[in-house]
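Just so you know, residue 1 is the first one in the sequence shown, and it goes up from there. Not measured: the values here are computed from a predicted model.
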Amino acid sequence: MHEFIAKHRDKITGTLSGFDRLVFRGTLRSIAHDQGMKRYLWANQVLLKDFGSHVERVSRRLKEASLAEAETLGRPVKYLTSSQVSKEEMARSIAAQERIRDGLVCVLSCVEPCWSFEIHRNREKKKLELEPRYRKCLFLYHYWMHPVLGFMSARIQTWFPFPIQICLNGREWLARQMAAAGVEYGRQDNCFPWIADWAKAQRLMDRQLRTHWPKLLDSVAQQLNPVHGEMFQKHPVCYYWSTYQSEWAIDIVFREGAELRRLHPRLVHHGMTTFSSPDVMRYLGKRIPLSGDVPKRFAGEVVSDLKRRQEGVRIKHSVNGNSLKLYDKAFTTVGSVLRAEATIHNGGDFRVYRPKEGDPKGEMAWRRMRRGIADLHRRAEISRKSAERYLDAFASVDEDTTLEELIQRLGQPQQWRGRRVRALRPFGDDRALVDVVSRGEFAINGFRNRDLQAIFFPRAAQSLEEARRRSAWVSRKLRLLRAHGLITKITSTHRYQLTVSGRKATTAILTALRSTVRQLTPMAA
């Protein structure tokens, strides 16, 4: 992120980094399985033969209580015959028509598939059994203009075990924060092309991460089902909250729309033709071996795709359900927004430093990241760093300089500490060298002589003399790259990293080498 911003700082008016879309799920874990449900029935002295009538009565009580506020306020309550209808668009339309600024907007209901329980008659054992099964039931969708969170929604399944899903947006939340703090802003959809005080807006967004999530989510659940305590008076249960999906967005706001329109196609082309599968995996936090290949133990899939939307063009890279996206979000007279976005759906791909589940005072170790909101802080950190790494990978794209201008100097011999160094041949003998030093795994910590040896000489040296020859061979390659200004040594270390001009040159060379004739022909024309 910092490299990208430094590259285009004279064209950028502000940046904003934080959660965009957040989807939480609440589960009554103690009754979400058949044994737990049996304990609930026992506590309420309900026989299996009376299961149907009991749950129908409880479900009816929940619906009445959930719809009571809408009926009191005279808000619309609509039944949808199809679950494919966009409920959010309908709710926003109602809010606009009735000019609702605070409070409940509407309640929409729809019959959808769900995971619940049914009574099964076992003919062999000649008895009734409680079994978890897929079935259909009514879901209630509530839409609010929340005083703190802004426009948001939540749904509840009206049949046991009553799971809840809450969807909110960090930008909607920020709009409420800025209004309360007196910060003026311009808004389009869920982004801000102009903010009077970008630094203050970022501080407000950072404050979202310090939220007491259980208290906030429990308050929304109470609005969905005001009679929860009454329903579970004899068998108290509470919701366990997990993060079903999260989106972290970094917005870069350009002063002139023309600048973003000129730059964005080059960014898209660069992302589609240059980023390899290991690069995408590294941006999403996966460890890549020195060989630069996809790890052998990796059994997932890395996918890149391009989509043309009404607003513009979006490029997306996915790994096991987690993704990175770049798209031009908005073009306005006060500013135009480029958005880099990291979406995490499969948290198990990441690690968090924590004790074992159920042993809060136990030994700390790097363990799988949980969906539970206890690990939401780590999810935010991973998302932010992924989006920043991804954005910085585009820093080497130059919208004006030609490939010929970039490599012209490389074709000339150079002097290095009084010695002549030959010309670089990036399209010939030195192609592999250029490819290796520009690998994604070296972007953060750089590379050492031994790292390049491991790539160019995969087999271990058979003697000390051979090891020295390999080290000397790599040293000469490093001297060649340093003489041409492509790499520099990191102070007080044995590591090297690409210079700004080196990254620019290697990106241009590799893009040209990896592009097809069909891709290059329109640009030449």
- For atom CZ of Arg367, decide whether the heavy atoms of other residues, nucleotides or ligands shown that lie under 6.0 angstrom number more than 12. yes
- Looking at Asn169, Leu168, Ile166, Leu22, which one forms a side-chain contact (heavy atoms from CB on, under 4.5 Å) with Leu149? Leu168
- Query: For Lys63, does its backbone N or O pair with a side-chain atom of Thr158 as donor and acceptor, under 3.5 Å?
  - Reply: no
- Do you know which two heavy atoms are closest between Trp248 and Ala387, and how far apart they sit? CD1-CB, 4.4 Å
- Message: Strictly by side chain to side chain donor-acceptor pair (under 3.5 Å), give each pair with a member in residues 130-148 just once, sequence neighbours left out.
- Response: Ser66-His142, Glu112-Tyr141, His120-Arg133, Glu131-Arg133, Tyr141-Arg155
- Quick one: salt bridge (Lys or Arg N to Asp or Glu O under 4.0 Å) pairs with a partner in residues 191-201, sequence neighbours left out? none
- Item | Pair Asp349, Asn320: side-chain N/O donor-acceptor within cut-off below 3.5 Å | yes
- Message: Taking the six-membered ring of Phe192 as reference, does the cationic atom of Arg171 (NZ for Lys, CZ for Arg) lie under 6.0 Å from its centre and within 45° of its axis?
- Response: no
- Item | Atom pair CG (Leu376) and CE (Met369), whose distance is rounded to the nearest 0.5 Å | 9.0 Å
- Item | Residues, nucleotides or ligands: over 12 heavy atoms within 6.0 Å of Gln45 CD | yes
- Message: A side-chain contact here means heavy atoms from C-beta on lying under 4.5 Å apart; do Glu88 and Ser153 qualify?
- Response: no
- Message: Are there over 12 heavy-atom neighbours, none belonging to Glu256, within less than 6.0 Å of that residue's CD?
- Response: no
- Query: Between His228 and Tyr239, does a side chain to side chain donor-acceptor pair (under 3.5 Å) hold up when you go through it step by step?
  - Reply: CA-CA 11 Å; His228 175 89; Tyr239 280 99; 4.6 Å; no
- Message: Measuring only between side-chain heavy atoms, which start at C-beta, is Glu56 closer than 4.5 Å to Trp159?
- Response: yes
- Message: Within the 4.5 Å heavy-atom criterion, are Phe139 and Gln157 side-chain neighbours or not?
- Response: yes
- To the nearest 0.5 Å, tell me how far Leu204 CG sits from Ile195 CD1. 9.0 Å
- Message: Is the terminal nitrogen or CZ of Arg261 (NZ for Lys, CZ for Arg) located under 6.0 angstrom from the six-membered ring centre of Phe331 and within 45° of that ring's axis?
- Response: yes
- Item | Candidate pair Phe162 and Val58, rule side-chain contact (heavy atoms from CB on, under 4.5 Å), full reasoning | CA-CA 11 Å; Phe162 309 118; Val58 174; 3.9 Å; yes
- Message: What's the separation between atom CD1 in Ile119 and atom CG in Leu48, rounded to the nearest 0.5 Å?
- Response: 4.5 Å
- So CG of Asp206 and CZ of Arg384: to nearest 0.5 Å the spacing works out to 9.0 Å
- Are any non-hydrogen side-chain atoms of Trp198 and Ile12 less than 4.5 angstrom apart? no
- Message: Give me each pair satisfying side chain to side chain donor-acceptor pair (under 3.5 Å) with a member in residues 350-362, each pair once, sequence neighbours excluded.
- Response: Glu357-Arg370
- salt bridge (Lys or Arg N to Asp or Glu O under 4.0 Å): which pairs involve residues 222-250, sequence neighbours left out? Arg61-Glu230
- Query: If you take all heavy atoms of Pro161 and Ser116, which pair is closest and at what distance?
  - Reply: CD-CA, 4.3 Å
- In plain terms, say whether Glu381 and Arg378 are close enough for a salt bridge, that is, a side-chain N and a carboxylate O under 4.0 Å apart. yes
- Query: Got a sec, which residues hit side chain to side chain contact (heavy atoms under 4.5 Å, CB included) with Ser82, two or more places apart in sequence or on another chain?
  - Reply: Gln84, Val85
- List the steps, then state whether side-chain contact (heavy atoms from CB on, under 4.5 Å) holds for Trp194 with Glu184. CA-CA 9 Å; Trp194 174 80; Glu184 296 182 353; 3.9 Å; yes
- Query: Taking the side chain from Arg57 and the backbone from Ser59, do they hold a donor-acceptor pair closer than 3.5 Å?
  - Reply: no
Please output the side-chain donor-acceptor pairs of residues 336-345 that fall under 3.5 Å, not counting sequence neighbours, one pair per line with the distance.
residue: Arg339; atom: NE; partner: Asp251; partner atom: OD1; Å: 2.6
residue: Arg339; atom: NH2; partner: Asn190; partner atom: O; Å: 3.3
residue: Arg339; atom: NH2; partner: Asp251; partner atom: OD1; Å: 3.3
residue: Arg339; atom: NH2; partner: Asp251; partner atom: OD2; Å: 2.8
residue: Glu341; atom: OE1; partner: Tyr327; partner atom: OH; Å: 3.0
residue: Glu341; atom: OE2; partner: Lys325; partner atom: NZ; Å: 2.9
residue: His345; atom: ND1; partner: Tyr244; partner atom: O; Å: 3.4

- Task: Mind listing the closest non-hydrogen atom pair of Gly335 and Pro193 along with its distance?
- Result: O-CB, 3.3 Å
- Query: Is there a donor-acceptor pair closer than 3.5 Å between any side-chain N or O of Lys11 and the backbone N or O of Lys7?
  - Reply: no
- Message: Measuring only between side-chain heavy atoms, which start at C-beta, is Leu326 closer than 4.5 Å to Tyr390?
- Response: yes
- Within residues 210-227 or reaching into it, pairs that qualify as side chain to side chain donor-acceptor pair (under 3.5 Å) - sequence neighbours excluded: Asp218-Trp241
- Sub-4.5 Å side-chain heavy-atom contact between Thr243 and Arg371: no
- Nearest heavy-atom pair of Phe151 and Ala91: which atoms, and what distance? CZ-CB, 4.1 Å
- Query: What distance do Phe254 atom CZ and Leu263 atom CG have between them, rounded to the nearest 0.5 Å?
  - Reply: 5.0 Å
- Item | Worked verdict on Ile382 versus Arg379 for side-chain contact (heavy atoms from CB on, under 4.5 Å) | CA-CA 5 Å; Ile382 291 171; Arg379 179 182 287 257; 6.0 Å; no
- Note on the structure: Here the ring-ring contact (aromatic ring centres under 6.0 Å, His included) pairs for residues 62-105, sequence neighbours left out, are none
- Minimum heavy-atom distance between Trp115 and Pro132, given as atom pair plus value: CZ2-CB, 3.4 Å
- Message: Can you list everything that forms a side chain to side chain contact (heavy atoms under 4.5 Å, CB included) with Glu124? Sequence neighbours excluded, please.
- Response: Asn122
Pairs under 3.5 angstrom only: tabulate donor-acceptor contacts from the side chains of residues 96-109 to other protein residues two or more places apart or in another chain.
residue: Gln97; atom: NE2; partner: Ser93; partner atom: OG; Å: 3.2
residue: Asp102; atom: OD1; partner: Arg176; partner atom: NH1; Å: 2.8
residue: Ser109; atom: OG; partner: Lys78; partner atom: O; Å: 3.4

- Answer yes or no: is there a donor N or O on one side and an acceptor on the other, between the side chain of Arg9 and the main chain of Ala6, under 3.5 Å? yes
Validation: residues 26-40 side-chain donor-acceptor distances under 3.5 Å, sequence neighbours left out:
residue: His33; atom: ND1; partner: Gly36; partner atom: N; Å: 3.0
residue: Tyr40; atom: OH; partner: His54; partner atom: NE2; Å: 2.9

- Message: Are Cys238 and Phe232 packed together at the side-chain level, in the sense that at least one heavy-atom pair is separated by less than 4.5 angstrom?
- Response: no
- Okay, side chain of Thr15, backbone of Ile252: is any donor-acceptor separation there less than 3.5 Å? no
- Heavy-atom closest pair (Ala221 atom, Ile164 atom, distance to 0.1 Å) is CB-CD1, 3.7 Å
- Do His377 and Leu209 come within less than 4.5 Å of each other through their side chains, counting heavy atoms only? no
- side chain to side chain contact (heavy atoms under 4.5 Å, CB included) involving Gln208 - partner list, sequence neighbours excluded: Trp173, Leu174, Gln177, Met205
